[in-house]
Amino acid sequence: MPQPTSNRTKTKDSAMPARASDTFGSLVFAGDVMLKRLPPDVFMNLQRTINTGSALDPKIANTVAGAMKDWALEHGATHYCHWFQPLTGSTAEKHDAFLSMTSDGGAIEKFSGSQLIQGEPDASSFPHGGIRDTYEARGYTAWDATSPAFIYRSGDQATLCVPTVFVSYTGEALDKKTPLLRSIQAVSKQAMRILRIFGADKGANQVITTLGVEQEYFLVDRELASARPDLLICGRTLVGAPAPKGQQLEDHYFGSIPQRVLGYMAEVEKRLFELGVPVKTRHNEVAPGQFELAPTFENANVAVDHQMITMSVLKETAERHGFACLMHEKPFAGVNGSGKHNNWSLSTDTGVNLLDPRDDTHTNMQFLTFLCAVIRAVDVHAELLRGAIASAANDHRLGANEAPPAIMSIFLGDMLTDILDQLESGNPKKTMKGGALELGATTLPQIPKHTSDRNRTSPFAFTGNKFEFRAVGSSASVAWPNTVLNTIIAESLDFMATQLDKRAGKNPTQAKLESAVKSLLKEVVKEHRRVCFDGDGYSKAWHDEAKRRGLANHPSTPDAIACFGAKKSAELFAKYGVLSKRELEARHGVMVEQYLKLVRIESRTLQSMVRTAMLPCALRFQAELADTIAGTQGCGIECPGTETQLREVVGLVESLRKAIAKVEEAEGFHGDAEKETRHYRDALLPAMLETRKLCDSLEKVMPADLYPLPTYAEMLFSTRG
């Protein structure tokens, strides 16, 4: 896609892609940098690939590589790497020096076209779901020219990073980017069919999936975090009693940003601007110590890469400011969890937002076709959408503290709901208007009122000209959720286009096309609007209603990811060229494996903390109480209150011994992988939760000088110092 220019930058509420220019920094090989350093014919050739998705001409690779190398060396880079996104959910890189030895004992700085285009990491050492065996090591990285190369600085080192895909020796995808790119093409192909039916494709060559990803995170003083094995190893607290003050007073959200945090945010933004990431918004989030960063819109592939860069910069910069940056979905029990709101839309490469309802929405049949396609996709493929955001970490967040529930539903708001009612009757005639708000003071302006409120409990909400997929977890790569979302939208657009072709025929009159569109939309609305819900997603009433409507509810990862093992899922992804049957099976296997490994790591961390810290400190307290009682009674004074306290502590200690033994026993279960996931969910996690409750009870009565860990009160409010 075209690289960003500042005059196209929008706010995060817009669904048009932003264009980050070189004014954001000089560490991105894009825009003016390419224009100045590449010959005109090479520049135009590369731009054609970036702008239209046409095949890359390998003849230009040497020229591009030479220009990249010279530019990187000028910025202090000594090495380059192929930067890719394996199925770990993070990024990977292997650094190679530009410096190469010559046959006469000298050295030259070298970076060839072949080195730019292709690399060869070890394919069997990354998660692969059975695609590679240990003895089958060969894999390939291949240059993704549609995402700009960048220079990443860490300390005094600078490295040229070339975004790539990662595939097996057999050509099968071993990463998250390859299927994302395929899904983007699938959406574009089917969306262009809709545009051609409406005669609206003049000048448009493709439809762009656009994305703006809000990132929530916690900051904790680094020294405090370093004293918590659970935070260091697992990213979340496995024990910890609530602080006396949490978010009850609702005074942190949008509050004044602490000075120390503001300094951190300023450096994060500077670094991200240099790397071409168009960050826009920063603010306090709901929980103490929780914050948010949001960029403007970009095309989805670049936005996904920028999101991975953002997480890296947030974490690395935190260390220099004495913080630990926590991106786990639920680092602290009892307060707001962290999400990653995935704002998704579609626009043509000529700049037309296809999800903009415009003023007289009831007459905008093209928009309504795209809208109904999304509604149908979420209803038909709700389980895939839920599975796309499933993880052991996100299970702790969904359905509580401003995170949407595991039931996939769509919020549309009053205006669009009213139009759905009209479509279902067969003849939409009006569009609800918002009006204006009178604020009651003559000095205040009259402000326009939107036709719809917002719904923070909806997992998939329409917010003006885009959909906000709110259920994505804060630690997740957004590549997979968007791959799934794009694929189900492509299938639904295919359905809509095929039906319109059948009903309207070739070269239909305007009247015949309008009749075909209205009849199709009426059927789609009637069949699929069960997934639309504008009320309180947290309420038991909605859960009961969703069950009556026949909507799936999979609150845990073992149930949620089972859909990826279904035959119909394999057929869907294969039909649109996103994943082969084996590639999907591999991902399902990796999801199961990662769930087991993560829960097992948490279990073993908890066991270690209880055995080596909680129990020994509790026993010291027990001994102190016993000595106090003995000494007091030795003086002839009875102390029934202290005796009661001792009995309470002894009871908690003995219960904790039994509870941690249950954790160890539950973790020792062996069976096939899917049985183990269910056992971990039904036996191990409850045993860990019971152990936590006992630890938290001990924390509440244990002297501060004996309690071995930083408390919630210390950690949640550590950013204010």
Side-chain angles (χ1 to χ4, degrees), residues 187 190-191 193-194 197 344-346 354-355 357 361-362 364-388 404-428 452 455 458-463 466-471 484-503 516-535 537 542-554 563 566 568-569 571-572 575-576:
V187 168
Q190 301 304 327
R193 290 178 62 196
I194 300 290
I197 289 171
W344 175 95
S345 192
L346 297 173
L354 300 176
L355 291 178
T361 308
H362 69 285
N364 190 348
M365 290 294 133
Q366 179 179 291
F367 163 77
L368 293 174
T369 299
F370 278 98
L371 175 70
C372 288
V374 174
I375 293 171
R376 179 187 174 277
V378 174
D379 184 30
V380 173
H381 304 292
E383 291 189 333
L384 290 175
L385 203 59
R386 166 65 181 98
I407 304 165
M408 292 296 104
S409 66
I410 295 179
F411 167 81
L412 293 177
D414 297 336
M415 184 268 284
L416 290 181
T417 299
D418 180 61
I419 288 180
L420 287 195
D421 292 338
Q422 296 178 59
L423 285 172
E424 197 166 0
S425 71
N427 191 22
S452 299
N455 190 324
S458 175
F460 202 79
F462 186 77
T463 54
K466 55 185 170 62
F467 280 95
E468 185 179 27
F469 190 15
R470 296 177 57 85
V484 173
L485 178 56
N486 291 340
T487 303
I488 67 175
I489 297 296
E491 185 279 331
S492 206
L493 290 172
D494 182 5
F495 170 84
M496 302 293 280
T498 301
Q499 286 295 314
L500 289 175
D501 282 339
K502 287 179 181 178
R503 297 176 190 218
V517 171
K518 287 182 178 179
S519 68
L520 175 60
L521 297 186
K522 179 178 180 179
E523 291 175 15
V524 170
V525 169
K526 195 168 186 177
E527 184 174 355
H528 299 292
R529 73 177 301 176
R530 66 174 186 159
V531 80
C532 299
F533 176 68
D534 287 358
W542 164 236
H543 285 242
D544 294 340
E545 172 64 21
K547 187 175 182 180
R548 283 193 293 271
R549 294 187 188 188
L551 301 181
N553 182 9
H554 298 309
C563 60
K568 63 180 181 180
S569 299
E571 291 172 348
L572 172 72
K575 179 178 180 180
Y576 295 97

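Just so you know, these numbers come straight off a predicted model, no measurement behind them.
In this structure, Arg193 and Asp494 have side chains that are in contact, with non-hydrogen atoms separated by less than 4.5 Å. Ser519 places none of its side-chain heavy atoms less than 4.5 Å from the side chain of Gln499. Side-chain contact between Leu368 and Leu371: present, with at least one pair of heavy atoms (C-beta onward) separated by less than 4.5 Å. Using a 4.5 Å cut-off on side-chain heavy atoms (C-beta onward), His528 and Val380 make contact. In this structure the side chain of Val378 reaches within 4.5 angstrom of the side chain of Leu385, judged on heavy atoms. The shortest distance between side-chain heavy atoms of Asp421 and Arg529 falls below 4.5 Å. Contact check for Asp418 versus Asp414: no side-chain heavy atoms found under the 4.5 Å cut-off. Using a 4.5 Å heavy-atom cutoff, the side chains of Ile197 and Thr369 are not in contact.
The aromatic rings of Phe469 and Phe460 stand perpendicular to each other, their planes meeting at an angle above 60°, with 30° marking the opposite boundary.
Leu416 pairs with exactly one of Asp534, Ile375, Thr361 by the side chain to side chain contact (heavy atoms under 4.5 Å, CB included) rule, that one being Thr361.
One distance of note links NZ of Lys466 with CG of Leu346; it measures 13.5 Å at 0.5 Å rounding. To the nearest 0.5 Å, atoms CG (Leu423) and CE (Met365) are separated by 6.0 Å.
For Arg549 and Glu545, the salt-bridge test passes: some basic side-chain N is under 4.0 Å from an acidic carboxylate O. Salt bridge status for Glu383 with Arg386: absent, with no side-chain N to carboxylate O gap under 4.0 Å. A salt bridge links Arg376 with Glu491: the distance from a Lys NZ or Arg NE/NH1/NH2 to an Asp or Glu carboxylate oxygen falls below 4.0 Å.
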- Evaluation steps, side-chain contact (heavy atoms from CB on, under 4.5 Å), between Leu354 and Gln366: CA-CA 8 Å; Leu354 300 176; Gln366 179 179 291; 3.6 Å; yes
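Checked against side chain to side chain contact (heavy atoms under 4.5 Å, CB included), Ala373 has the following partners two or more places apart in sequence or in another chain: Ser492, Leu493, Met496.
A distance-only check finds a donor-acceptor pair linking the side chain of Ser425 to the backbone of Gln422 [under 3.5 Å].
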